[in-house]
Amino acid sequence: MSDALKIGKRVFRSRLMVGTGKYPTNEVMKKALEASGAEVVTVAVRRVNLDRTGESLLDHIDLKRYTLLPNTAGCYTAEDAIRTARLAREALETELVKLEVLGDEKTLFPDNEALLQAVKVLVKEGFTILPYTNDDPIMAKKLEDAGCAAVMPLAAPIGSGLGIRNPHNIRIILETIKVPVIVDAGVGTASDAAIAMELGCHGILMNTGIAGAKDPVSMARAMNLAVEAGRLAYLAGRIPKKLYATASSPITGLIG
Amino acid sequence: MIIRVNGEEKYFKDGFTIEDVLNELKIKPEGMAVDLNRGIIPKRLYNNTMLKDGDTVEIVKMTGGG
């Protein structure tokens, strides 16, 4: 495993993490997860519906194959996020958590102050934390210093499909911190994923970009290939951009 | 006794434990967690944690999300 993604004590071959929300059916979700090549899949913690207690998302996810990453989506305070993370750990026997503390319903932007508070509590309890945050290098450094195992800046608002709005900030984040940078949220299509990986991001987490596509299974495959292509291009080292042409064929030996 | 479960008021026999409530609601203990009055109850304590009138219980599990 020469180019593995290391998060905390775990090692992954795939650099694409996918969500399990908003698929038209569980069967489509299952096929899309497979086509994505992902090893990490996110899940949300919600109340059991007391009228339908027999239903379980986990019946549709091969737990031998995928590592579950529970999130704290929908939490607007540090307290709720901490409580949700603890419930997820009890339910799944995992110390992994995608930590989200939202600040606003319209943008779903993070409340970074509350996020940092929650991180400080959960780090002490042994959680491996992947925090959803802005594309802010200062915040990324604070999250790393507080003990997060990775930092997950948004590319654009959750579910917006706008792609990487500020590639320059993502680059600065990559230069600033040592833990993996996983772009989370806003990726709309394969080129967005490739651009994130070409910047040097260590991985991408997406849900709506796949689940909301007309054909989620094909989009999952496209994202799989784009993440791999982007990573390879990053490792290969692209040519510099220049204003004028440079001939590809020899300029000597032309016929007279 | 009346227990508030996931926001709904439910009647249970006095002396019911968390395990009894889960059985009555046909909820399997895999992949779920229980919070009693805002404190998480570990699975090993379900069979000896007795509930009392007015308790608030949250029973959660995993659902699709990103």
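All chains are named by letter (A, B, ...) in the order of the sequence lines, taking the proteins before the strands, and each is independently numbered beginning at 1.
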[X] [atom1] to [Y] [atom2] distance, which is reported to the nearest 0.5 Å:
{"X": "B:Lys10", "Y": "A:Leu50", "atom1": "NZ", "atom2": "CG", "answer": "5.0 Å"}
{"X": "A:Leu68", "Y": "B:Met62", "atom1": "CG", "atom2": "CE", "answer": "8.0 Å"}
{"X": "B:Ile40", "Y": "A:Arg89", "atom1": "CD1", "atom2": "CZ", "answer": "8.0 Å"}
{"X": "B:Ile59", "Y": "A:Asn49", "atom1": "CD1", "atom2": "CG", "answer": "11.5 Å"}

**Message:** For A:Arg47, is there any backbone N or O sitting under 3.5 Å from a side-chain donor or acceptor partner on B:Asn6?
**Reply:** no
**Prompt:** Hey, does the side chain of A:Thr20 reach the backbone of B:Gly65 with a donor-acceptor pair shorter than 3.5 angstrom?
**Reply:** yes
Tell me which of these, [options], has more heavy-atom pairs under 4.5 Å with chain B than the rest.
{"options": "A:Gly21, A:Gly159, A:Ala91", "value": "A:Ala91"}
{"options": "A:Asn71, A:Leu69, A:Val18", "value": "A:Asn71"}
{"options": "A:Val43, A:Thr42, A:Val48", "value": "A:Val48"}

Side chain / backbone / both / neither for [X] at chain B, heavy atoms under 4.5 Å:
{"X": "A:Lys22", "value": "neither"}
{"X": "A:Asp80", "value": "side chain"}
{"X": "A:Leu87", "value": "both"}

**Asked** Thinking salt bridges, do B:Lys43 and A:Glu93 make one under a 4.0 Å N-O criterion?
**Response** no
**Request:** Return the minimal non-hydrogen interatomic distance between A:Ala44 and B:Gly64, and the atom names on each side.
**Result:**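 Minimum heavy-atom separation between A:Ala44 and B:Gly64: CB-O, 4.0 Å.
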**Message:** Give me the atom names and distance for the closest heavy-atom approach of A:Arg52 to B:Lys61.
**Reply:** O-NZ, 4.4 Å
Greater than 12 external heavy atoms within 6.0 Å of [X]'s [atom1]:
{"X": "B:Glu19", "atom1": "CD", "value": "yes"}
{"X": "B:Met1", "atom1": "CE", "value": "yes"}
{"X": "A:Glu228", "atom1": "CD", "value": "no"}

**Request:** State, with a plain yes or no, whether a side-chain heavy atom of B:Asp35 is found less than 4.5 Å away from one of A:Arg83.
**Result:**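 Of all side-chain heavy-atom pairs linking A:Arg83 with B:Asp35, at least one is under 4.5 Å.
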**Request:** Heavy-atom distances under 4.5 Å only: say whether B:Leu25 touches chain A with side chain, backbone, both or neither.
**Result:**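 For B:Leu25, heavy atoms of backbone and side chain both lie under 4.5 Å from chain A.
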**Prompt:** What part of B:Val5 is in contact with chain A, defined as an atom under 4.5 angstrom from a non-hydrogen atom: side chain, backbone, both or neither?
**Reply:** both
**Prompt:** What residue in B:Met32, B:Glu8, B:Lys26, B:Arg38 has the most heavy-atom pairs under 4.5 Å with chain A?
**Reply:** B:Arg38
